[in-house]
Asks: 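Before anything else, here's the structure in question.
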Amino acid sequence: MQKQLQQITADMQLEEHYHTLEKALLALYFHNNCTTKSLAYMTDLPIPIVSAMKNEFAKKGWGKHSLTKKGQLAISQYFQLSGADTDLYLQLTTDDAFRIEWITQNTSELSYIYDARPTADVAIDQAKCTVETALKRALLALDYSMLFNKRILCLGDDDFISIALAFLLKKIAPHSTTKIVVLDIDRRVLSIISKIAKDYELPIRTDYYNVQEPLPNRYAHQFDCVYTDTPYTLIGAQLFLSRAINALKPEAMRHVFFSYAKRSYRKQWQLQQGLHAMGFVINSIQYDINTYEGAQILGATSQLFVLQTTEQMNPNIPNHRKFTRPIYTGDIEPKSVVYQCMHCQHALTVGTGNQYVTINQLQSSGCPSCKNKKFSQIKRTVKKTQTQHALGHHILLELHECDGALLNDIQQIKKIMCQAALIAKATIVTEHFHHFSPYGVSGVVIIQESHLTIHTWPEYGYAAIDVFTCSSKLSLQEAVQYITEQFNAGNVTQYYQYRGK
């Protein structure tokens, strides 16, 4: 059936990919009858496209507003929906009040399983989410049609999201062929999940994997969606997401459910720039899902990004060799906190390299002098490693609707680019410009602080310009403004990148 859906996608020239057809067919299957308007709402597609889609379904004999027996059988077999609980599916996807009640009821049912989770290893940024959070995350697979007849990867799973997913799957579609794979560096987590999966006959497979190693070939391009709660560093998030890209099927509209701690606006901006550079579309950002046990995370909450893949996915970190840079918070920003016993005033330092890595460990053991378990914080220091400081600042400038004659004038372009370097207060070392036949200019201005480059397409009124510097003291934006004004661009975009972080 997948080939048929791919053919319909090609015939319709449907940009949204065949996954959208799957979503529409699931809606028709569970809702029995769907108007074009209601189906457009459920699939986020324009009404004319939905109308054309229904016509294609009718040509296959599957039905139009409702499914024929042939259509019901084909879809049931494709998604393995034999014995599916239609009422539960509809209530979870259409009734918010029921959804909240269902989460509450099943939180208590799963709590005894989740109590078996090992203690969090803060050295690798573990922080266990609540059972309610796990169920909310699992429901995202239902919301985005990633639950039935899919391959799901949990990249790191100290939160036991795999258990919540399998639990939800058994409740709705007990005969589904969905496979869930857990890759984790913590053998304690793998061992407990494996035992639970065996005891409850859950479709979960576990395997040891250190994300700093290349993703094994047996897991490359195998999955429809990935769940990951990454280390709370930018480089850690980029590494996990790069491995997620390697694991996903090379098709558009695959999904990554990515949890990440709330950060400063600048780090949030850097994170979202990285997501864009890798080719992700941010479908949504959920702020009301992630809650954690303990206080290792700011406010005990984090944000959850629903990311969607495109045809231009580009892992920031290649998959061909071991990644050797530090990725965990404790390695990049080693923290030490001095606590004082509230009974005997004995002071102890807690943090990486000390007897107690976390305050929880100290409280569990008690004061070594008097065994009291209450402490007050008297000093906190954070040492940031040099890897957090950017070696370079890079502006990529896109100029559209420029004057074609100017873009073909090598002397004027040289003058503008050299003047821009001076306006930035850079020191020019040398320059070189070349005119192509019949038109187009490429050039570079080498400065002591790095370079400025330009490539022009006069026939399209377009110029691509890079302004790169290893000095944070240069006036880059003033140079960019001057370049933009001189070329009189009608349409301008620019991207700012930190280099060498």
Side-chain angles (χ1 to χ4, degrees), residues 83-85 87-93 95-121 126-144 146-148 150-184 186-206 225-229 257-259 286 288-297 300-302 304 306 360:
D85 190 333
D87 290 338
L88 179 59
Y89 175 92
L90 291 173
Q91 287 178 302
L92 285 173
T93 55
D95 189 335
D96 290 341
F98 175 85
R99 187 174 174 126
I100 293 170
E101 181 182 349
W102 184 88
I103 290 171
T104 301
Q105 289 176 348
N106 288 282
T107 293
S108 57
E109 185 176 341
L110 280 177
S111 290
Y112 73 97
I113 294 178
Y114 275 65
D115 287 343
R117 288 182 294 180
T119 56
D121 184 351
Q126 284 184 352
K128 296 183 290 186
C129 76
T130 63
V131 182
E132 180 183 7
T133 291
L135 287 169
K136 286 181 178 179
R137 289 191 199 171
L139 284 167
L140 288 173
L142 189 65
D143 297 337
Y144 288 90
M146 285 287 148
L147 189 62
F148 308 129
K150 300 297 180 186
R151 288 180 60 84
I152 302 173
L153 173 63
C154 295
L155 189 55
D157 196 27
D158 55 294
D159 291 322
F160 280 27
I161 303 305
S162 57
I163 303 296
L165 282 163
F167 178 83
L168 175 64
L169 191 65
K170 288 194 73 171
K171 290 281 187 179
I172 299 178
H175 302 298
S176 172
T177 55
T178 292
K179 303 297 182 186
I180 303 168
V181 174
V182 175
L183 300 181
D184 203 293
D186 191 332
R187 296 187 187 277
R188 302 173 306 159
V189 169
L190 296 173
S191 176
I192 296 173
I193 291 177
S194 293
K195 184 178 186 309
I196 294 170
K198 182 179 180 181
D199 291 345
Y200 292 88
E201 298 182 344
L202 303 178
I204 302 173
R205 173 184 171 185
T206 64
C225 72
V226 176
Y227 281 82
T228 187
D229 195 334
F257 303 108
F258 158 52
S259 297
Q286 310 277 345
D288 59 349
I289 288 183
N290 289 338
T291 304
Y292 298 84
E293 299 174 358
Q296 289 90 352
I297 297 175
T301 64
S302 74
L304 188 147
V306 178
N360 291 338

Asks: Say you draw a straight line from CZ of F258 to CG of D229; how long is it, rounded to the nearest 0.5 Å?
Replies: 8.5 Å
Asks: Kindly state each residue pair satisfying salt bridge (Lys or Arg N to Asp or Glu O under 4.0 Å) with at least one member in residues 171-180, sequence neighbours excluded.
Replies: E109-K171
Asks: Mind checking the CG-CG spacing from L153 to L155? Nearest 0.5 Å is all I need.
Replies: 5.5 Å
Asks: Give, for atom CD1 of I196 and atom CD1 of I163, the distance between the pair rounded to the nearest 0.5 Å.
Replies: 4.5 Å
Asks: Got a donor-acceptor contact below 3.5 angstrom from the K150 side chain to the A141 backbone?
Replies: no
Asks: In chain order, what residues pass the salt bridge (Lys or Arg N to Asp or Glu O under 4.0 Å) check against D184, with sequence neighbours excluded?
Replies: none
Asks: What residues form a side chain to side chain contact (heavy atoms under 4.5 Å, CB included) with A138, not counting sequence neighbours?
Replies: A164, L165, L168
Asks: Calculate, to the nearest 0.5 Å, the distance between atoms CG and CD1 belonging to L202 and I113 respectively.
Replies: 7.5 Å
Asks: Under 3.5 Å, is there a donor-acceptor pair between the side chain of D157 and the main chain of S162?
Replies: yes
Asks: Any side-chain to backbone donor/acceptor pair from S259 onto L304? Under 3.5 Å, distance only.
Replies: no
Asks: In a check of side chain to side chain contact (heavy atoms under 4.5 Å, CB included) between I289 and each of L135, L140, T301, which one passes?
Replies: L140
Asks: If you look at every heavy atom in R188 and P118, which pair is closest and at what distance?
Replies: NH1-CB, 3.5 Å
Asks: Who pairs with T130 by side chain to side chain contact (heavy atoms under 4.5 Å, CB included), at least two apart in sequence or on another chain?
Replies: E132, T133, T291, E293
Asks: Have a look at V131 and tell me which of T107, N106, D115 forms a side chain to side chain contact (heavy atoms under 4.5 Å, CB included) with it.
Replies: T107
Asks: Ignoring hydrogens and angles, tell me if any N or O in the side chain of T178 forms a donor-acceptor pair with the backbone of L147 under 3.5 Å.
Replies: yes
Asks: Is it true that atom CD of E201 has more than 12 heavy atoms of other residues, nucleotides or ligands lying nearer than 6.0 Å?
Replies: no
Asks: What is the distance from atom CG of D143 to atom NZ of K136, rounded to the nearest 0.5 Å?
Replies: 12.5 Å
Asks: Quick one: list whatever passes ring pair (Phe, Tyr, Trp, His ring centres under 6.0 Å) with F167, sequence neighbours left out.
Replies: none
Asks: Taking side chain as C-beta onward, heavy atoms only, is N290 less than 4.5 Å from C129?
Replies: no
Asks: Just one of V182, L183, I180, V181 clears the side chain to side chain contact (heavy atoms under 4.5 Å, CB included) bar with T206, so which one?
Replies: V182
Asks: Taking all atoms of both residues into account, what is the closest heavy-atom pair of R117 and D158, and its distance?
Replies: CD-O, 3.4 Å
Asks: What's the separation between atom CD1 in I103 and atom CG in L110, rounded to the nearest 0.5 Å?
Replies: 11.5 Å
Asks: Do you know which two heavy atoms are closest between L169 and P203, and how far apart they sit?
Replies: CD2-CG, 4.2 Å
Asks: Are the side chain of Y227 and the backbone N or O of R137 linked by a donor-acceptor pair below 3.5 Å?
Replies: yes
Asks: Could you list the residues that satisfy ring pair (Phe, Tyr, Trp, His ring centres under 6.0 Å) with F160, not counting sequence neighbours?
Replies: Y114
Asks: Would you confirm whether Y292, through its side chain, and S302, through its main-chain N or O, come within 3.5 Å as a donor-acceptor pair?
Replies: no
Asks: Kindly say whether L190 contributes a backbone atom to a donor-acceptor pair with the side chain of S194 at under 3.5 angstrom?
Replies: yes
